[in-house]
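Every number for a ligand or one of its atoms is a count from 1 in the order of the listing.
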Amino acid sequence: MGKNITQKIIESHLVSGEMIPGKEIAIRIDQTLTQDSTGTMAYLQFEAMNVPKVKTKLSVAYIDHNTLQQGFENADDHKYIQTVASRHGIYFSRPGNGICHQVHLERFARPGWTLLGSDSHTPTGGGIGMLAIGAGGLDVAVAMAGGPYYLTMPKVCRILLKGKLQPWVSAKDVILKILQMLSVKGGVGRVIEYAGPGVASLTVPERATITNMGAELGATTSIFPSDENTRIFLKAQGREEMWIPLEADPDAEYDEELELDLSTIEPLVAKPHSPDNVESVSKTGKIKVDQVAIGSCTNSSYLDLMKVARILKGKTVHPNVSLVIAPGSKQVYTMLAKNGALADLIDAGARILESACGPCIGMGQAPATDAVSLRTFNRNFYGRSGTASAKVYLVSPETAAVSAITGVLTDPREYGEPPVIELPEYFMVHDNGIIPPAEDPDKVEVVRGPNIKPFPVNKEMKGSVDGKVLLKMEDNITTDHIMPSNAKLLPYRSNIPYLSDYCLTPVDAGFPQKARENGGGFLVAGHNYGQGSSREHAALVPLYLGIRGVIAKSFARIHRANLINSGILPLTFVNEEDYGKIDTDDALVIENCAEQIKSGNRIVVRNLTRGCDIVVEMDISERLKDIIIAGGLLNYTSKNALG
Ligand code: MIC
Ligand code: SF4
C-alpha cells in the first residue's frame, strides 16, 4: 500500500511504536528551534540534563518575542540564551534577525526532515515539506539532548486543493476558510496534508502561511509536498542542494479527505475573539478601523510585504488609522530597503517596527480602548493585544493594506488592479544575524541575570490526591487565559514566582490568591482546554500554585503534554454530563491515585461536597503514566535513560 507524506517522514524517523493513529510513537528529531519567551525555560531544563553538546543535526535559538527591553529583564534573557547556546552547540539568531518561523523557513527548513520547536507555529516549516511540530520547552530540551520526541500517531487528513485563487484573494484567506470549515478543534489529533492540482499554484511562502495557521486548527502539524516550487524557493535562498522531491504515493490512503476549490474563496476575516469566527469581509461590512498591524510569522514574507508596499505606494494611511508594519526577517527588511518598497511604506505613513513578533504577542502597539484592530496575525484571543476591550480581526495583508487607506474594513476587490508580485529569482542571503556556536565551548561562561529564577519541579505521587475545585471554566480556554502574555508580563518568562500572580486572571481576577489560600487544588474546564500557545508556563505556573489536576471535556495537544511533563493530571470526563456534577469550591479526592493510574485508563474522582463519584479518563501510554507518577518528565528522565 502506498504512503502519504506524513507516513513517509514518520517512518524514516521512527524510533519506537506502531504507526497506528491514536498509539504512542517516538520519532528522531533532526532540528530544533526555540524562541526567547519559551527558550529560557527550555535551556534551564536542558542544562539540568547535563548533556554538554546538542545531539541534533541543527539547533537554533531565536530572539524575537521579548525585544521591547523596557527594563533589564529582556536583555538579561538574551545574554543567557546567547551564552548557553554558544556553550552547547546551538546557533543563535540575534535580536533583529527576525521571527523564528520566517527565518527558519528561509535559512534552515528542509523537506523530509523533522523539526521540533518550542513554539506552536513551528508547523510553518510544513510549507517546505518538513514535518515541523510545536511542543513544550521540556520536550525540545529532551530532543536537543538526543532523546526522541514522543507523540500520538496522528490521523492524516488530506485537503485536496483544486482551482486557483482569484485576484485579491490570498493564502491567508485559504486558511481562514479551512478554519471556518473545521473550527479551532477540527485539527486535533491530525496532520493536515495538502495535495491536488491547486498546490502548484502556491509558492512556498504562501504554503507556509497556510501551515503556520494550521496551529489554530489544533492540528499536530500541516504539510505540503516538496515539488518544483519548493526547489525554486530553496534555489532562491541559495540552498538548492537541500531539495528533495516528496509527495504522497498515488495509492496513498488517508484517514480523512476534504476538498477545497481555491477559486471559490473570497476575502475573509476572523472576528473577535477566535480565529475560527470567520465570515467574508463583504458580509462583515465597512466597520471603522482604528489600527492596522501587518506582520507576524503568518504574513511577513517578502511577497506579503511587497504586496502591501505596492498597495500603499503614493497613498496616505487614513488619518484615523495607526498602521504598523513588522517585516518578518532581516532578509525581508533589507530587500525592501534596497528596492525602495520600504520608502513607499514610510512615505504612506506606516510606522515601521523591528523584525520581531511585536504586537502579535502584545509587545507594544496595544490598541486604544474599544478600538478595532485589523491584524494579519494568527490569533485574536481575548486580551492578547494588551487591551481587553479591543476588538481584533484577522485578515490578509491585502485586506489590511487597503483598509488602512480607506479607514474601514474593505473588501480589497473593490480597490482596482491587484498587485502581482513574483518570487525573486534570488533572495538576499547574508547570514550575519546568525552566530554559530563557540569552537571552544569550555571557555564560554553562561551568564545568568537576576531575572532567571529556578523552575518548579513536582514531587513523586504518593497516596491520595485531593483539593478544592478552584475554578470551573468554559470551552476553548486558551493558554493566553491561563498564563497571559503582554508587554508587562512577557519579560518575566524566566520568573515563575512573579508570573504566578497573574495565572488565570483573565477568567477570575482572584484566582492566584484563592490558589494560594487553598494550597492549590483542581481546575475544571470544557472542551479544547489549553488551545493556542505552546508556553509551558501555562503548566509550570499552575504547578507552582499547587494545581494537581485539570478535569476537562477535552485538551489541546501541546498543553496536555505540558501538564503531563509537569506531573499535573490531565483528566477527561467519560460522560460529558458529569461536567454538571462538579462546581467551584467542591472538595475532590482521588484515592490511591498512583494505583488507579496504573490499573487502567479510568480513575474515580470522589466529590466529597456533593457525595458522588465521577469517572474520568486518562488514556495515555504506560510511559506517560510513569512520568506523571514520577512527578514530571525531569524527575522521570533523571531515573531513566532519555529514550
Ligand atoms: C504565541 O504566538 O502565542 C507565542 C507567543 O509565540 C507562543 C509561545 C509563547 O507563549 O512564548 C506559541 O505560539 O507557542
Ligand atoms: Fe511570534 Fe506571533 Fe508568531 Fe507567536 S504567533 S511566534 S508571537 S509572530
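Across the listed options Met41, Arg379, Glu536, Arg379 owns the non-hydrogen atom lying nearest to atom 1 (C) of ligand 1.
Using a 4.0 Å cut-off to heavy atoms of Asp119, the atoms of ligand 1 that qualify are 4 (C), 6 (O), 7 (C), 8 (C), 12 (C), 13 (O), 14 (O). Close contacts between ligand 1 and Ser534 involve ligand atoms 12 (C), 14 (O) [criterion: under 4.0 Å to a heavy atom]. Here is the list of ligand 1 atoms found below 4.0 Å of a heavy atom in Ser37: 9 (C), 11 (O). Every atom of ligand 1 is numbered from 1 in the order shown, and the set under 4.0 Å from a heavy atom of His65 is 4 (C), 5 (C), 6 (O). Contact atoms of ligand 1 toward His121: 13 (O) (distance under 4.0 Å to a heavy atom of the residue).
Looking at Ser120 next to ligand 1, an N or O pair under 3.5 Å apart turns up. Between Asp480 and ligand 1, a contact under 3.5 Å exists for no N or O pair. Note: no N/O pair closer than 3.5 Å links Thr38 and ligand 1 by distance alone. Checked against a 3.5 angstrom limit, the closest N/O atoms of Ser485 and ligand 1 fall outside it. Taking only nitrogen or oxygen atoms, main chain and side chain alike, Arg535 reaches within less than 3.5 Å of ligand 1.
The shortest heavy-atom contact between Val191 and Pro154 is CG2-CG, 3.4 Å.
Residue Ile361 touches ligand 1 through its side chain alone, judged by heavy-atom distances below 4.0 Å. If you look at His537 next to ligand 1, there are no close heavy atoms at all, none under 4.0 Å. Under 4.0 angstrom from ligand 1, the non-hydrogen atoms of Arg384 all belong to its side chain.
Atom 3 (Fe) of ligand 2 has no N, O or S atom of Cys360 inside 2.8 Å of it.
Judged purely by atom type and a 3.5 angstrom limit, Asn74 uses its side chain to pair as donor or acceptor with the backbone of Gln69.
More than 12 non-hydrogen atoms from other residues, nucleotides or ligands lie less than 6.0 angstrom from CD of Gln70. More than 12 heavy atoms of other residues, nucleotides or ligands shown are found within 6.0 angstrom of CZ on Arg448.
Side-chain contact annotation: Thr298 with Arg379, donor-acceptor N/O pair under 3.5 Å absent.
Contact between Arg379 and ligand 2 is absent, with no heavy atom of the residue lying under 4.0 Å from the ligand. Ligand 1 has at least one atom lying under 4.0 Å from a heavy atom of Arg493.
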